[in-house]
Amino acid sequence: VYGLFPIVWIVFMAIVLYQVTVVSGRFEDLRSVFALLSDDPRVQAMLIAFCFGGLLEALAGFGAPVAITGVMIMAVGFSALRAASVVLLANTAPVAFGAIAIPIITAGKLTGIPYTQIGAYVGHQTPVLAAVVPLLLCLLADGRQGVKDCWPVALATGLSFGITQWISASYISVELTDIIASLVALGVAAAMLRFWQPQGTVAARQRLSHDREAELAAMTQVERDQLPKQESITKTALTGGRIMMALFPYLLVIVVFSLSKLIPVVASFLASTDVKIPWPGLDGRVLTLAGKPNSSTVYTWQWLSSPGSLLLISAFIVALVYRVSMADFAREIGATAYKLRFSMLTIASVLSLAYVMNLSGMTITIGTFIAGAGKAFAFFSPILGWIGTAVTGSDTSANALFATLQQTAAKTAGIDPTLLVAANTAGGVVGKMVSPQNLTIAATAVGLLGRESDILRKMLKWSLGLLLVLCLLVGLQSTPVLSWMLPHF
């Protein structure tokens with residue numbers, strides 16, 4: 001049930017929102033807006049997957065960025081497998097502060113450490129990833145040639161995102177960190193692209209075209225039919241009004257989510273509509289390690305406050321503004337539900353497995369085993385976050401599982417507890433790209449349902465490589481070598 005609502009509900013409504021823009025014809029204008037900044041597909045992929053995807057992660061999270069940007073990357077000219085890989089890799093650095101910083105707020109509630117303090121520590125870890133992710137995206141999009149041609153704008157985008165994330169998390173607002181960082185990075189990239197454009201654009205388009213043709217040739221007709229329908233980008237001049245209308249759905253999402261999260265009266269009202277359901281046969285019968293009833297047996301039905309419900313409201317308003325008939329709107333909802341039917345089953349099953357692992361003590365047993373490393377545990381701390389997110393598909397769930405364990409292990413080993421709680425959050429961001437939930441979302445979005453294992457094989461090395469970087473970073477931050485990087489409270 002939790003897998004279906006809110007997780008599937010969020011992804012489902014994110015795709016419906018996208019479909020409304022497609023039916024109205026406005027999505028072509030949105031693609032053209034990114035094309036206005038640069039006609040290079042590698043740069044467009046970076047702007048869409050990293051900057052725009054980061055903004056979506058900040059607002060909705062839970063796979064919505066992967067679902068929406070995956071289709072957009074394919075529209076630029078990428079093959080389905082390459083598009084899925086790009087969006088999964090891009091959906092890393094913003095994850096810790098995703099959904100208005102819910103993972104960090106969750107860790108704060110569980111450990112008693114002020115979430116602003118945890119957020120500041122995370123803001124001194126994930127920016128290191130953010131600085132290099134755009135470069136890695138260029139490498140994934142077009143190999144070494146992509147890095148050679150596009151490194152200046154990739155470096156500018158990554159550094160501006162990372163520096164802004166650092167500043168916002170430390171001094172401005174943990175909740176708004178990703179929103180500010182994404183907009184600043186997009187602004188910096190747009191400004192730079194007014195004066196500089198990468199070389200080799202034509203050759204890159206040819207290589208991507210060959211890659212896509214090879215992928216199509218290897219597919220069966222049934223597999224080809226699953227791919228999103230693509231049309232060429234319109235060449236007509238865009239007016240200011242058309243640009244505003246193209247951006248309207250996402251500006252609306254920003255407004256709706258900002259109102260729901262940042263205005264106390266609205267947030268309180270939405271939270272008051274939640275319905276808590278003690279699960280029959282489980283509630284009060286499953287105990288924690290301390291022998292107390294496990295609170296996760298109470299299911300919270302967020303029928304109005306869920307990001308998916310807010311996306312439904314946004315999609316309805318967009319349909320009205322775009323003059324999409326209610327019949328067409330309902331038809332898109334039905335078609336999306338049919339398309340996602342197997343994804344719904346997969347995500348629900350994965351979350352069922354995660355709950356069994358968590359409630360039976362399997363996950364915490366793994367965590368306790370790793371925590372036996374003593375002072376060296378600082379180097380292994382991000383691995384727990386990676387495991388938690390890889391299993392559940394949620395950095396919030398990873399913190400729910402391991403934040404308290406990290407705090408306890410840190411106190412026992414004489415390490416700063418806030419550092420390891422933050423490390424759990426940071427480790428989770430690189431585990432998300434290999435979680436079954438996110439793999440399924442990516443596969444569904446680009447039309448590769450059933451080929452999640454192919455995407456996993458492609459992404460595992462990237463996930464483990466970035467995890468190693470985080471392990472070294474956190475380990476050294478626990479020593480005088482890099483302790484100067486940490487904020488002081």
Side-chain angles (χ1 to χ4, degrees), residues 13-60 64-78 83 86-87 90 153 157 179 182-183 185-187 189-191 193-194 197 201 205 208 227-257 311 313-326 328-329 331-333 335-336 445-447:
M13 286 315 308
I15 295 177
V16 168
L17 176 63
Y18 158 74
Q19 286 298 130
V20 170
T21 67
V22 173
V23 170
S24 68
R26 297 285 182 179
F27 188 70
E28 294 299 316
D29 284 349
L30 180 62
R31 294 196 298 178
S32 298
V33 169
F34 285 103
L36 282 178
L37 298 176
S38 175
D39 62 350
D40 190 290
R42 301 161 298 184
V43 174
Q44 290 181 33
M46 183 186 68
L47 296 178
I48 293 169
F50 186 69
C51 298
F52 184 55
L55 187 59
L56 292 173
E57 178 65 36
L59 295 167
V66 173
I68 293 174
T69 60
V71 184
M72 295 176 69
I73 297 294
M74 285 190 69
V76 172
F78 283 74
V86 166
V87 296
V153 69
T157 304
I179 295 177
S182 298
L183 292 175
L186 186 58
L193 289 166
R194 291 193 65 181
Q197 288 289 335
T201 297
R205 286 195 178 280
L208 290 175
L227 296 175
K229 299 294 183 291
Q230 303 294 340
E231 301 173 11
S232 60
I233 295 178
T234 55
K235 299 296 182 183
T236 54
L238 287 175
T239 63
R242 285 177 60 185
I243 291 175
M244 182 56 65
M245 287 297 284
L247 296 174
F248 172 72
Y250 307 102
L251 295 175
L252 177 65
V253 169
I254 292 173
V255 171
V256 169
F257 276 84
L311 285 172
I313 295 170
S314 301
F316 181 74
I317 295 172
V318 169
L320 292 177
V321 172
Y322 280 179
R323 297 182 179 178
V324 175
S325 70
M326 288 300 102
D328 287 340
F329 185 57
R331 192 176 298 114
E332 289 304 324
I333 290 177
T336 302
V446 302

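Side chains are part of it too, since the values below use all heavy atoms of this structure and drop only hydrogens, waters and symmetry mates. Owing to the predicted nature of the structure, the values given are computational and were not obtained by experimental measurement.
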Chemist: First locate atom OG1 of Thr157, then atom CG of Leu193, and finally report the distance between them rounded to the nearest 0.5 Å.
Modeler: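 Those atoms lie 7.5 Å apart.
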Chemist: For the CD atom of Glu332 and the CG atom of Leu17, what is their distance to the nearest 0.5 Å?
Modeler: 11.5 Å
Chemist: Can you find a pair of side-chain heavy atoms, one from Pro249 and one from Tyr322, that are under 4.5 Å apart?
Modeler: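 Answer yes - side chains close enough.
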Chemist: Would you check if the side chain of Thr201 reaches a backbone N or O of Asp40 as a donor-acceptor pair within less than 3.5 Å?
Modeler: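 Side chain of Thr201 to backbone of Asp40: no pair is present.
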Chemist: In terms of side-chain heavy atoms, does Gln19 have a donor or acceptor partner in Thr336 at a distance below 3.5 Å?
Modeler: no
Chemist: Is there a side-chain contact between Thr69 and Phe52, using heavy atoms and a 4.5 Å cut-off?
Modeler: yes
Chemist: Look only at the side chain of Arg194 and the backbone of Ala189, and say whether a donor-acceptor pair between them is shorter than 3.5 Å.
Modeler: no
Chemist: Hey, are Ser32 and Asp29 close enough side-chain-wise for a donor-acceptor pair under 3.5 Å?
Modeler: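 Checked: Asp29/Ser32 side chains show no N/O donor-acceptor pair below 3.5 Å.
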Chemist: Can you tell me how far the CD1 atom of Ile333 sits from the CZ atom of Phe316, to the nearest 0.5 Å?
Modeler: 10.0 Å
Chemist: Would you say Phe248 and Arg26 make side-chain contact, with heavy atoms under 4.5 Å?
Modeler: no
Chemist: To check you understand the geometry: which heavy-atom pair defines the closest contact between Ala90 and Ala49, and what is its length?
Modeler: CB-O, 3.4 Å
Chemist: Could you list the residues that satisfy ring pair (Phe, Tyr, Trp, His ring centres under 6.0 Å) with Phe78, not counting sequence neighbours?
Modeler: none
Chemist: For Gln197 and Val153: C-alpha separation, side-chain torsions, deciding distance, then whether side-chain contact (heavy atoms from CB on, under 4.5 Å) applies.
Modeler: CA-CA 9 Å; Gln197 288 289 335; Val153 69; over 6 Å; no
Chemist: When Ile48 is tested against each of Val87, Val76, Val86 for side chain to side chain contact (heavy atoms under 4.5 Å, CB included), which residue passes?
Modeler: Val76
Chemist: How far apart are the closest heavy atoms of Ser314 and Val256, and which atoms are they?
Modeler: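 Smallest heavy-atom distance, with atoms named: OG-CG2, 3.7 Å.
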Chemist: Nearest heavy-atom pair of Met244 and Leu251: which atoms, and what distance?
Modeler: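 Looking at all heavy atoms of both residues, the closest pair is SD-CD1, 3.7 Å.
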Chemist: Between OG of Ser325 and CG of Leu320, what distance do you get to the nearest 0.5 Å?
Modeler: 11.0 Å
Chemist: Can you tell me how far OG of Ser24 sits from CE of Met245, rounded to the nearest 0.5 angstrom?
Modeler: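 Atom-to-atom, Met245:CE and Ser24:OG are 8.0 Å apart.
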Chemist: Of the non-hydrogen atoms in Gly54 and Ser182, which two are nearest, and what is the gap between them?
Modeler: C-OG, 3.2 Å
Chemist: Report yes if some heavy atom in the side chain of Leu47 is under 4.5 Å from a heavy atom in the side chain of Leu37; otherwise report no.
Modeler: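 The answer is yes, as the side chains (C-beta and beyond) meet within the 4.5 Å cut-off.
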Chemist: What verdict does the side-chain contact (heavy atoms from CB on, under 4.5 Å) test give for Leu186 and Leu55, after you've listed the backbone C-alpha separation in whole Å, the side-chain angles of each residue and the deciding distance to 0.1 Å?
Modeler: CA-CA 10 Å; Leu186 186 58; Leu55 187 59; over 6 Å; no
Chemist: So which heavy atom on Gly70 is nearest to which on Ala83, and how close?
Modeler: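 So the two residues come closest at O-CB, 4.0 Å.
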Chemist: Nearest 0.5 Å, what's the CE-OG distance between Met46 and Ser38?
Modeler: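 One gets 8.5 Å once the value is rounded to the nearest 0.5 Å.
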